[in-house]
Amino acid sequence: MTPGSPADASAERILAAVHAIPIGQVAGYGEVARRAGLPGRARLVARLLAGNEDPRLPWHRVLRSDGRIAFPAGSTGFIEQERRLRAEGVRVVAGRVKGQRIATSVDEQVWGPG
DNA sequence: GCAGTGACGCCGT
DNA sequence: TACGGCGCCACTG
């Protein structure tokens, strides 16, 4: 193992950023990566979620920048994510989150669309 | 070291 | 809104 590797620390920050997403709210992969201090590492976030084993991790609150579920429509992950989001009161139509806007930058999360 | 692949993002049409 | 193309990063054979 490499407990002191920077990749491990980054993964920890990413998971923390995902946990920080409030119930009923959603965030984009890029936004999560940005919060973790890893701008441009959206794919790394996806890889982490794909291999996460923590059932408490609100991975379903992470969407693409388009506001759509990243899984292919009809797949197991797609159905599961859609179901979990709806359980939290999030309106999901055709695999897309409605009534909310995916922040692509920290400014939008803090200040809003403007 | 190179090529292929993916729960991505941005831009142009 | 939908599609296609290109770029970027990390992992695997």
Side-chain angles (χ1 to χ4, degrees):
Chain A
M1 300 215 299
T2 54
S5 66
D8 238 33
S10 300
E12 201 170 328
R13 275 193 284 276
I14 291 175
L15 293 178
V18 176
H19 274 291
I21 306 174
I23 297 176
Q25 293 288 106
V26 294
Y29 288 90
E31 219 280 302
V32 171
R34 208 180 297 266
R35 280 193 187 183
L38 301 168
R41 274 45 166 201
R43 305 200 68 149
L44 181 59
V45 176
R47 188 163 280 283
L48 253 69
L49 296 184
N52 93 88
E53 298 177 358
D54 192 343
R56 301 175 291 88
L57 189 70
W59 56 268
H60 55 279
R61 293 175 199 156
V62 185
L63 309 170
R64 291 181 84 169
S65 61
D66 317 69
R68 278 201 241 168
I69 293 176
F71 291 101
S75 66
T76 306
F78 178 93
I79 296 173
E80 182 64 16
Q81 183 166 12
E82 190 180 52
R83 195 185 71 77
R84 291 198 184 200
L85 287 174
R86 283 177 176 167
E88 293 187 354
V90 178
R91 166 118 71 149
V92 184
V93 180
R96 187 179 305 158
V97 172
K98 289 294 184 181
Q100 289 189 50
R101 192 169 164 288
I102 308 299
T104 55
S105 69
V106 181
D107 280 0
E108 291 187 16
Q109 275 283 344
V110 179
W111 297 93

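The structure displayed is predicted, hence computed values, not measured ones. So that the names make sense, note that chain A is the first sequence line, chain B the second, and so on, each numbered from 1.
Put simply, CD1 on A/Ile79 and CZ on A/Phe71 are 11.0 Å apart, with the number rounded to the nearest 0.5 Å. Here the CG-CH2 distance, from A/Leu49 to A/Trp59, works out to 9.0 Å after rounding to the nearest 0.5 Å. Rounding to the nearest 0.5 Å places CG of A/Leu48 at 11.5 Å from OH of A/Tyr29. Atom-to-atom distance recorded for A/Ile14:CD1 and A/Leu57:CG is 11.0 Å, nearest 0.5 angstrom.
Contacts between residues 54-86 of chain A and DNA chain C, counted as heavy-atom distances below 4.0 Å, involve A/Arg68.
The two residues A/Ser10 and A/Leu38 come nearest to each other via the heavy atoms CB-CD1, 3.4 Å.
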Review item, side-chain donor-acceptor pairs of residues 85-96 of chain A, under 3.5 Å, at least two apart:
from	atom 1	to	atom 2	distance (Å)
A/Arg86	NH2	A/Val92	O	2.9
A/Glu88	OE1	A/Gly24	N	3.2
A/Glu88	OE1	A/Arg61	NE	3.1
A/Glu88	OE2	A/His60	NE2	2.8
A/Glu88	OE2	A/Arg61	NE	3.3
A/Glu88	OE2	A/Arg61	NH2	2.9

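Of all nucleotides in DNA chain B, those with any atom nearer than 4.0 Å to a heavy atom of chain A start and finish, going 5' to 3', at B/dG6 to B/dC10. From the 5' end on, the contacts that DNA chain C makes with chain A at under 4.0 Å to a non-hydrogen atom open and close at C/dT1 to C/dC11.
For the pair A/Arg35 (side chain) and A/Ala33 (backbone), a donor-acceptor distance under 3.5 Å is absent.
Taking atom P on both B/dA7 and C/dG13, the two are 16 Å apart, rounded to the nearest angstrom.
Looking only at side-chain heavy atoms (C-beta outward), A/Val26 and A/Val62 stay at 4.5 Å or farther from each other.
Sequence order on DNA chain C of the closest nucleotides to A/Gly40 and A/Arg96 puts A/Arg96 first from the 5' end.
Partners of A/Arg68 according to the salt bridge (Lys or Arg N to Asp or Glu O under 4.0 Å) rule, which considers only residues two or more places apart in sequence or in another chain, do not exist here. For A/Arg84, the side chain to side chain donor-acceptor pair (under 3.5 Å) partners are A/Glu80, not counting sequence neighbours.
Across all strands shown, A/Arg43 has heavy atoms under 4.0 Å from base atoms, whether or not it also approaches the sugar-phosphate.
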